Amino acid sequence: FGVLNDNYKGVVAQSIGVSEKDPKFFTLQNPILPIAGEFPEQERKKRIIFVGRLSYADKRVDRLLKVWERVYAAFPEWELMIIGDGPEEKTLKQYVLKNSLSRVQFVNFTSTPEPYYRESEILCLTSDFEGCPMVLLEAQQHGCATIAFDCSYGVRDILLPNWENGVLVPNGDIDAYGKALSKLMQDEDLRRGIQKNGIENVKRYSIEKSVEQYDALIQRLCSKR
């Protein structure tokens with residue numbers, strides 16, 4: 001069994017009735033590809049972004065709109081940009097219109113979201129479940145602060161506790177998310193520290209480390225032939 005991080009071993013082990021210490025478990029983490037060249041430092045817009053599929057079953061962007069509904073009036077200089085497409089797009093746009101939410105922009109899916117990461121201050125993830133959300137790592141790599149619901153071991157592995165390199169919010173708690181996002185929006189020094197630590201955190205997910213993990217697995221399998 002290959003799992004995305006060590007904590008998932010226990011989940012799989014319990015479901016199939018074996019020990020998580022079974023040697024047949026291997027951690028094979030997803031790598032983040034290095035940035036080609038250096039990207040120039042630029043002034044970030046007071047913008048919050050979501051990047052991903054607009055689906056209800058997992059991504060729950062509707063919860064992000066409910067969070068925005070709680071905070072946008074207090075931050076008139078900020079905007080929310082939702083980047084992606086999917087089956088919930090129409091429903092989400094209807095919610096914005098029905099509730100007269102200001103400064104919400106929808107942008108079509110793009111395979112190159114890097115400029116949005118670099119231009120924006122905060123990336124929000126409001127998923128109900130994630131495996132290993134690469135969008136958090138991509139945002140951190142480009143210096144964007146990250147905040148997400150504590151919905152899985154994958155999220156918890158990326159975002160360290162105590163506001164170190166991102167913000168973890170109790171899963172499904174819209175009010176707590178709104179308060180945490182407000183704090184992040186109004187405290188520039190806090191954001192800068194999280195952004196800096198996020199860039200450093202991405203090094204834990206280097207492609208070199210993933211290659212080592214896969215190589216160890218291949219060598220072990222070959223040795224048993």
Side-chain angles (χ1 to χ4, degrees), residues 1-16 20-37 39 49-55 57-61 64 82-86 109-118 120 122-161 164-169 171 194-222:
F1 283 94
V3 293
L4 292 171
N5 67 56
D6 290 341
N7 291 311
Y8 281 126
K9 292 178 182 178
V11 177
V12 178
Q14 184 176 12
S15 69
I16 62 177
E20 64 182 274
K21 296 181 180 180
D22 192 300
K24 291 184 180 180
F25 281 115
F26 276 82
T27 297
L28 302 168
Q29 71 178 29
N30 289 338
I32 185 76
L33 297 178
I35 298 174
F39 63 86
I49 58 172
F50 166 87
V51 178
R53 185 174 62 257
L54 306 184
S55 62
D58 50 359
K59 299 302 182 182
R60 295 300 306 272
V61 188
L64 178 55
I82 297 173
I83 304 163
D85 53 30
F109 165 81
T110 174
S111 60
T112 55
E114 292 83 4
Y116 293 107
Y117 295 138
R118 296 171 192 170
S120 306
I122 302 168
L123 176 128
C124 287
L125 192 64
T126 48
S127 300
D128 196 42
F129 179 79
E130 290 282 349
C132 177
M134 299 304 291
V135 68
L136 292 178
L137 293 172
E138 292 171 0
Q140 287 185 339
Q141 185 180 43
H142 293 277
C144 190
T146 50
I147 176 172
F149 281 125
D150 187 1
C151 65
S152 73
Y153 286 123
V155 173
R156 207 171 303 146
D157 188 63
I158 296 171
L159 302 184
L160 303 178
E164 293 175 43
N165 64 8
V167 184
L168 279 171
V169 180
N171 194 22
I194 288 175
Q195 289 165 349
K196 180 179 178 181
N197 291 339
I199 293 173
E200 190 67 24
N201 178 62
V202 172
K203 296 178 182 178
R204 296 194 294 128
Y205 295 83
S206 69
I207 193 168
E208 289 82 7
K209 184 174 181 179
S210 292
V211 168
E212 289 176 3
Q213 293 173 337
Y214 276 90
D215 185 61
L217 173 57
I218 293 169
Q219 293 298 327
R220 177 167 180 172
L221 293 175
C222 288

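Note that the structure is a prediction, hence the values are computed from the model and not measured.
- Counting heavy atoms from C-beta on, the side chains of V169 and D150 never come closer than 4.5 Å.
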**Prompt:** Where do C151 and D128 land on the side chain to side chain contact (heavy atoms under 4.5 Å, CB included) test, with the steps shown first?
**Reply:** CA-CA 6 Å; C151 65; D128 196 42; 5.8 Å; no
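- Considering every non-hydrogen atom in both M134 and P31, the closest pair reads CE-O, 3.1 Å.
- One distance of note links CG of D157 with CG of L136; it measures 11.0 Å at 0.5 Å rounding.
- Side-chain contact between Q141 and I35: present, with at least one pair of heavy atoms (C-beta onward) separated by less than 4.5 Å.
- In this structure, the side chain of S152 engages the main chain of E130 through a donor-acceptor pair within 3.5 Å.
- Other residues, nucleotides and ligands contribute more than 12 heavy atoms inside 6.0 Å of the CD atom of E114.
- Here the shortest heavy-atom pairing between L159 and G166 reads CD2-CA, 4.0 Å.
- Considering only heavy atoms from C-beta on, L28 stays 4.5 Å or farther from L4 through its side chain.
- Two residues are said to be in side-chain contact when any heavy atoms from C-beta on lie closer than 4.5 Å; P23 and R220 meet this criterion.
- When V202, I194, I32 are each tested for a side-chain contact (heavy atoms from CB on, under 4.5 Å) with Q140, only one passes: V202.
- Between the SG atom in C124 and the CG atom in L64 there is a gap of 5.5 Å [rounded to 0.5 Å].
- Summarising the geometry, atom NZ belonging to K209 is positioned 9.0 Å from atom OG1 belonging to T27; distances are rounded to the nearest 0.5 Å.
- The aromatic rings of H142 and Y117 sit parallel, their planes meeting at an angle under 30°, below the 60° perpendicular limit.
- In this structure, the side chain of T110 engages the main chain of T112 through a donor-acceptor pair within 3.5 Å.
- For the residue pair G84 and L54, the shortest heavy atom distance occurs at O-CD1, 3.6 Å.
- Q29 places a side-chain N or O within donor-acceptor distance of the main-chain N or O of R204, the cut-off being under 3.5 Å.
- Atom CG of D85 and atom CZ of F109 lie 7.0 Å apart (nearest 0.5 Å).
- Side-chain contact between C222 and I218 is present, with heavy atoms from C-beta onward closer than 4.5 Å.
- In this structure, N165 contributes its side chain and L160 its backbone to a donor-acceptor pair below 3.5 Å.
- Shown here for K59 and F50, the closest heavy-atom pair between the two residues is CB-CZ, 4.3 Å.
- For CZ of F26, the number of neighbouring non-hydrogen atoms (other residues, nucleotides, ligands) closer than 6.0 Å is greater than 12.
- Of the inter-residue distances, the one linking K203 atom NZ with S206 atom OG reads 10.5 Å to the nearest 0.5 angstrom.
- Residues L125 and P133 form a side-chain contact, since some pair of their non-hydrogen atoms from C-beta on lies under 4.5 Å apart.
- Although no hydrogens or angles enter the test, the distance criterion places no donor-acceptor pair under 3.5 Å between the side chain of R53 and the main chain of D58.
- A donor atom on one side chain and an acceptor atom on the other are not found under 3.5 Å apart for E164 and N197.
- Rounding to the nearest 0.5 angstrom, the gap separating the CZ atom in F1 from the CZ atom in F25 is 6.0 Å.
- Of all non-hydrogen atoms in V155 and A148, the two that sit nearest each other are CG1-CB, 4.0 Å.
- Residue Y205 comes nearest to N30 through the heavy atom pair CD2-O, 3.8 Å, listed as atom of the first residue, atom of the second, then distance.
- In this structure, T146 contributes its side chain and L123 its backbone to no donor-acceptor pair below 3.5 Å.
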